[in-house]
Amino acid sequence: MAQFELRGRKVWVAGHNGMVGSAIVRRLASEGCEMIWAGRKVLDLRRQRDVEDWMAAEKPDAVFLAAALVGGIQANNSRPAEFIYDNLAIELNAIEAARRVGVAKLMFLGSSCIYPKLAPQPIPESALLTGPLEPTNEWYAIAKIAGIKLCQSYRRQHRCDFIAVMPTNLYGPGDNFDYESSHVVPALMRKMHDAKTRREAKVTAWGTGTPRRELLHVDDMADACVHLMKRYSGEEHVNIGTGTDLTIRELAEKVGAAVGYEGEVHFDATRPDGTPRKLLDVGKLRALGWRARIPLEDGLRDTYAWFAAHLGQARLGAAEATV
């Protein structure tokens with residue numbers, strides 16, 4: 001298929017204020033496209049009529065659907081109804097409205113939690129729906145799986161050029177550093193920063209420290225999304241990752257180095273570990289001509305510099321919709 005050109009197109013990044021959406025916006029700055037905006041005060045993506053009316057008025061040519069209600073294990077466990085309802089509503093409304101107004105191309109961003117808890121490692125795209133999900137985030141995962149299937153079904157029935165991508169665990173500028181709702185990198189980073197500030201000799205991390213995680217800087221993810229938007233058109237979703245992983249204990253050491261924290265990290269084994277391992281098979285992505293470029297150590301230093309510079313502005317509240 002011919003390359004999909006972004007230059008001169010009207011492009012909407014749904015969720016442009018979130019970590020993922022803002023990274024895509026930064027990446028699109030060099031593509032020569034016309035950006036259109038709809039923040040939460042302008043448009044509630046959970047309201048079908050509002051979404052349809054806004055899309056009909058603005059008529060975007062391309063959509064990056066990065067809006068979602070996101071959070072860590074604690075947030076998923078304590079607010080399951082919100083995580084499944086809000087995310088289903090967002091994607092249902094945006095994808096159907098895109099069909100109605102004739103959006104030329106749409107990209108739906110999912111999450112690697114869509115895969116079974118005990119999926120083969122590294123996880124190929126074909127592992128989807130082959131086993132039970134990780135219970136701690138199944139509500140979010142089910143909503144994201146539905147988004148993939150929406151894109152597939154709209155391709156089949158309506159011939160819409162709608163595609164889906166599955167980024168691995170992300171980190172970077174603009175992340176959520178709340179103790180209760182954050183993911184592993186910002187959670188460790190804030191705990192270590194606070195401990196360093198208070199001169200505490202120990203911090204406590206959840207779980208055993210043995211699970212393995214793949215981590216991708218959000219600016220690398222944004223570059224991969226633009227690459228695939230321009231070059232990929234197909235029914236199967238595409239994994240986005242680095243192809244490498246490390247244990248949470250190893251990650252804690254690297255975060256400590258980035259923060260400059262020299263204290264001890266204690267792992268609380270009474271807290272959940274989550275999925276034992278979640279490494280994506282990125283063979284398809286590499287065959288399409290893209291590889292990650294930002295080393296983890298550099299990315300962690302970059303993230304901590306952003307956190308330190310925006311300490312008063314960093315999100316420290318509950319899980320938020322990135323819309």
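Model, not experiment: these values are computed from the prediction. Values reported hereafter were calculated over all heavy atoms of this structure, with side chains retained and with hydrogens, waters and symmetry mates removed. The chain is numbered in sequence order, starting from 1.
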Quick one: does Pro276's side chain get under 4.5 Å of Leu118's, heavy atoms only? yes

Who passes side-chain hydrogen bond (donor to acceptor under 3.5 Å, both in side chains) against Arg249, sequence neighbours left out? none

Okay, side chain of Lys10, backbone of Glu58: is any donor-acceptor separation there less than 3.5 Å? yes

Flag for Trp12-Asp61: side-chain donor and acceptor within less than 3.5 Å: no

Please confirm whether Tyr261 and His193 have ring centers closer than 6.0 angstrom. no

Test Tyr154 against every option in Arg156, Gln157, His158 by the side-chain contact (heavy atoms from CB on, under 4.5 Å) rule and name the one that passes. His158

So which atom in Cys113 and which in Leu133 form the shortest heavy-atom distance, rounded to 0.1 Å? O-CD2, 4.0 Å

Side chain of Asn239, backbone of Asp281: donor and acceptor closer than 3.5 Å? yes

Around Trp139, counting heavy atoms of other residues, nucleotides and ligands shown, do more than 12 lie under 6.0 Å from its CH2? no

Could you tell me which non-hydrogen atom of Cys225 sits nearest to which non-hydrogen atom of Val165, and how far apart they are? SG-CG2, 4.2 Å

Distance-minimising heavy-atom pair for Val282 and Ile240: CG1-C, 4.4 Å

Without swapping roles, check the side chain of Asn87 against the backbone of Ala68 for a donor-acceptor pair under 3.5 Å. no

Between Glu31 and Arg27, is there a salt bridge with N-O shorter than 4.0 Å? yes

Side-chain donor-acceptor pair under 3.5 Å between Arg155 and Ser233, yes or no? yes

Can you name the side chain to side chain contact (heavy atoms under 4.5 Å, CB included) partners of Asn77, sequence neighbours left out? Ile73, Thr136

Can a donor-acceptor pair be found between the side chains of His217 and Asp302 at a distance below 3.5 Å? yes

When the ring centroid of Phe108 is compared with that of Phe162, is the distance short of 6.0 Å? no

Examine the side chains of Asp86 and Tyr140 and answer whether a donor and an acceptor come within less than 3.5 Å of each other. no

Charged N to carboxylate O below 4.0 Å: is that the case for Asp44 and Arg40? no

Do we see a donor-acceptor contact under 3.5 Å between the side chains of Lys284 and Tyr232? yes

Heavy-atom count check: over 12 atoms from other residues, nucleotides or ligands less than 6.0 Å from Tyr85 OH? no

Of all heavy-atom pairs linking Thr210 and Thr247, the shortest is O-CG2, 3.9 Å

Taking salt bridge (charged side-chain N to carboxylate O under 4.0 Å, His left out) as the cut-off, I'd like each qualifying pair that reaches into residues 87-97, sequence neighbours left out, listed once. Glu96-Arg99, Glu96-Arg100

What do you reckon, is CZ of Arg291 surrounded by more than 12 foreign heavy atoms closer than 6.0 Å? no

For the pair Glu52 (side chain) and Ala97 (backbone), establish whether a donor and an acceptor sit closer than 3.5 Å, ignoring hydrogens and angles. no

